[in-house]
Novice: 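Supplied in structure tokens, the structure appears directly below.
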Protein chains: 2
Amino acid sequence: MQPSLIAANIQCPILSQAKLETREFLVERSRIRRMERGEGIFLHQTPARSCFVVMNGWVKLYRILDSGDEAVLRMHTRGEAFAFADVLRRGDHQYGADAASECLLLEIPADALRQVLNDDPAFGAILLSHSFEQIDALSDQIEALKCQSGIQRVAAFLRYHARPKGNHLFVTLPYEKVLMAAYLGIKPESLSRALAKLRQHGVVAVDGGLEITDQGALDELIASRAVERRMAAR
Amino acid sequence: MQPSLIAANIQCPILSQAKLETREFLVERSRIRRMERGEGIFLHQTPARSCFVVMNGWVKLYRILDSGDEAVLRMHTRGEAFAFADVLRRGDHQYGADAASECLLLEIPADALRQVLNDDPAFGAILLSHSFEQIDALSDQIEALKCQSGIQRVAAFLRYHARPKGNHLFVTLPYEKVLMAAYLGIKPESLSRALAKLRQHGVVAVDGGLEITDQGALDELIASRAVERRMAAR
DNA sequence: CGCTATATTGAAGATCTTCAAGGTGAGTGG
DNA sequence: CCACTCACCTTGAAGATCTTCAATATAGCG
């Protein structure tokens, strides 16, 4: 496949906003990598020699704490980029990365990225606006972790991943529940119980996913406070 | 005071890394604002007309959720910058900002920032590396919120703000406990109880602050898991 | 079929919140 | 100077939420 075709197929904001020449140069210098589920992409605190764009599947960015616990920082899917910051700082990776599902990655070598940033002044602005979006996404996570209960975060997660289907919204869980729980900052058992409770709020399991039959009830749960939830349970 | 002197006094990485001409232009176009504790700087989802550098004191960045709860996203102090992303995207503020203590701010008008980004190609790179640091700070918060208990986050907060003093480490709490609790994602009562428990781990209250008499014990607590903490309590 | 990984459920306990009451200290006015 | 107020902090008790551990269920796969 031609570089131009590959780049167009990835649907990556960073690549599609760059001028043709830059885009083709990056893709030509890159390597397409196919990863199995669970395979490691790079480890935390190892030298950043490449950065990546997800072409397909899901990638988990995580850290292992001294306690042995794993903190899942972000999940990335088609078109999303990661490890650009690590490469540009010429330092170590600030997190580890694993393939969360079978996935296709575009691996961009460090020197290619640095050269592009040198040669194409507009590319810096693209990266800047991309990093602003990262900040927004992380801020949203912090907001949820500081102010919402586990079940509210689960509900908001479903809401975010829901797509219209017939009269209702339908959610195909993007990855396994163990991982989903880690991303939401709860244990798998708690996720299981949260999903069970959500049946009272219009979330029913159907083959291969979940159906949201009462969107209003779910939104109400997400926006409610603990006190209100207690009242409603009576 | 001359712009050059002001800029030097702020000790802001963004300004000090910029070339002299850029730095002076920004400071000349800016206004120094003095805010009382609790005073609002700007509101969430209002047009971003300026961005800011903290010259002194503490600033709280926060969001009010539909539930009425307040999520404290970041705290900024001397030399740190905020709202640059909002200005450059020509959009609304992604969070509200309040003076958490009496403080001095450098208020940079939106057009001055945009002009500098246009005229000085190196300035974009400075902003990019600054936003990478923001991402790191937010990632650290997420790591703590997902994997650490309240008391561990309190301990880590003390560790972070501690400075050597005599034989031990000493912490002057940077702002009131209500705010500290909100930043850590717990209630003020829980913070109070956490600090009480930390006395068993070598944290003693002295006039105007806390002394860490057993740094090893504190670090051990921060890195421990729930199971280990239970064992240790016997 | 049995194996393994993943998911669910129950029970007990840890952690955090809520609500209520009391304490402390700085500032104010008599 | 003392009492009063107000804001902030602490403590106790009860309850909500989440975790832990153990047992069981389910599904995919050789």
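All chains are named by letter (A, B, ...) in the order of the sequence lines, taking the proteins before the strands, and each is independently numbered beginning at 1. If you're wondering where the values come from, they're calculated on a predicted model, not measured in any experiment. Below, all heavy atoms of this structure are taken into account, side chains as well, without hydrogens, waters or symmetry copies.
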Novice: For dC21(D), does OP1 or OP2 lie under 4.0 Å from any side-chain N or O of Lys187(A)?
Specialist: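 Answer is no, no contact under 4.0 Å.
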Novice: Taking for each residue the nucleotide of DNA chain D with the nearest heavy atom, is it Ile186(A) or Arg199(B) whose nucleotide lies nearer the 5' end?
Specialist: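 Going by which nucleotide is closer to the 5' end, it is Arg199(B).
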Novice: Could you check whether the rings of Phe82(B) and His76(B) sit parallel, tilted or perpendicular, using 30° and 60° as the cut-offs?
Specialist: parallel
Novice: dT20(D), dA7(C), dT15(C): which one has an atom nearest the side-chain heavy atoms of Arg193(A)?
Specialist: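 Nearest to the side-chain atoms of Arg193(A), counting from C-beta on, is dT20(D).
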Novice: Going by heavy atoms in the side chains, are Val171(A) and Phe157(A) under 4.5 Å from each other?
Specialist: no
Novice: So does Arg159(A) pair up with Asp219(A), basic N to acidic O under 4.0 Å?
Specialist: yes
Novice: Using a cut-off of less than 4.0 Å, is there contact between a side-chain N or O of Ser190(A) and OP1 or OP2 of dC18(D)?
Specialist: no
Novice: How is Glu189(B) classified with respect to the nucleic acid when contacts are heavy atoms under 4.0 Å: base, sugar-phosphate, or nothing?
Specialist: base
Novice: What integer distance in Å separates Gln148(A):CD from dC16(C):P?
Specialist: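 Distance, rounded to whole Å: 18 Å.
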Novice: So does Arg153(A) reach the base of dT17(D) with its side chain, donor to acceptor, closer than 3.5 Å?
Specialist: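 Looking at the base of dT17(D), it does not pair with any donor or acceptor on the side chain of Arg153(A) (distance under 3.5 Å).
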Novice: Mind checking Arg37(B) for me? I need base, sugar-phosphate or nothing, with any heavy atom below 4.0 Å counting as a touch.
Specialist: sugar-phosphate
Novice: For the pair Gln94(B) and Arg89(B), evaluate side chain to side chain donor-acceptor pair (under 3.5 Å) and give the outcome as yes or no after the intermediate values.
Specialist: CA-CA 11 Å; Gln94(B) 298 295 305; Arg89(B) 284 188 286 197; 4.8 Å; no
Novice: Return the value, rounded to whole Å, for the distance between atom NZ of Lys197(B) and atom C1' of dC16(C).
Specialist: 10 Å
